[in-house]
Amino acid sequence: MPQFKHAVVITGSIGSGKSAVCELLRDRGFEIIDADKISHCILDRCAVQVAEIFGAQYVVQKDAQVKFDASRDEENLADFRAFVDRKKLGELVFKDPAELAKLEALLHPKITAEILSQVQALEAKEKLFFVDIPLFFEGKRYEFFDKVAVVYAPKDTLIERVMKRNRLDRVAAKHRVELQTDIEQKRAMADFVIDNSGDLENLKRETQAFLEKISADS
């Protein structure tokens, strides 16, 4: 697989603050490839397959007067204008590893291909850019990247943030956090660490220090 010398992966764990770091980087003029946005688009493109695999109750039509038909093929999906109820599907797959594996098998090859396509386009500009991949270490599908920055916060902080953001109780939030590789392991595997244990001002300082380290290593 090709190596991309101008790309740096931004990863971490749920609740670690990857989005906040990416916003700070955008404010500084850097281009960001967002794997979550890519996955959301691809999930909706796969609405027919989601209905076939998990059930039509996980797919919502934009036109409430039209009944969803799982037999529709992808070519007719644009006319149907369906999308996947991510919250409802998430409640299913986060509770059942077998269901999560089915979803990953459907989506991940398509997501990886789209990320690779976008990375190739930005690499051609020969400027530093960033790729936000939440499940970088879990996926093990991105061997074409060799520089990785982890946005870090302690596990207890991650749980508290997920409780607040997703309106979950502690047990459910802890489960979400523990579905991913432990944040301390990610920190140990990172080329760069951006500490987001504190407030926004601290994160701004950490992000600036991170950029200075990248410049020094280039």
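Numbering of residues begins at 1 and proceeds along the displayed sequence. All heavy atoms count here, side chains included; hydrogens, waters and symmetry mates do not.
Between the CD atom in Glu23 and the CZ atom in Arg28 there is a gap of 12.0 Å [rounded to 0.5 Å]. The line from CD1 of Ile38 to CG of Asp132 is 9.5 Å long, rounded to the nearest 0.5 Å.
A salt bridge links Glu178 to Lys174: at least one charged side-chain nitrogen sits closer than 4.0 Å to a carboxylate oxygen. Between Glu160 and Arg170 there is a salt bridge, with a side-chain nitrogen of the basic residue lying less than 4.0 Å from a carboxylate oxygen of the acidic one. By the 4.0 Å N-to-carboxylate-O rule, Glu31 lies close enough to Lys125 to be salt-bridged with it.
Ring geometry, Phe210 versus Phe192: the interplanar angle exceeds 60°, so the pair is classed perpendicular (tilted spans 30 to 60°). Aromatic ring pairs are classed by plane angle as parallel below 30°, tilted from 30° to 60° and perpendicular above 60°; the pair Phe130 and Phe30 is perpendicular. Aromatic ring pairs are classed by plane angle as parallel below 30°, tilted from 30° to 60° and perpendicular above 60°; the pair Phe144 and Tyr142 is perpendicular.
Under the salt bridge (Lys or Arg N to Asp or Glu O under 4.0 Å) criterion, Lys204 pairs with Glu201, sequence neighbours left out. Among residues two or more places apart in sequence or in another chain, the salt bridge (Lys or Arg N to Asp or Glu O under 4.0 Å) test is passed with Glu184 by none.
Under the 3.5 Å distance criterion, the side-chain polar atoms of Thr207 are left unmatched by any main-chain donor or acceptor of Val21. Side-chain N or O atoms of Lys186 include one that pairs as donor or acceptor with a backbone N or O of Gly12 at under 3.5 Å.
Of the candidates Leu158, Asn196, Thr11, Leu158 is the only one forming a side chain to side chain contact (heavy atoms under 4.5 Å, CB included) with Ser16.
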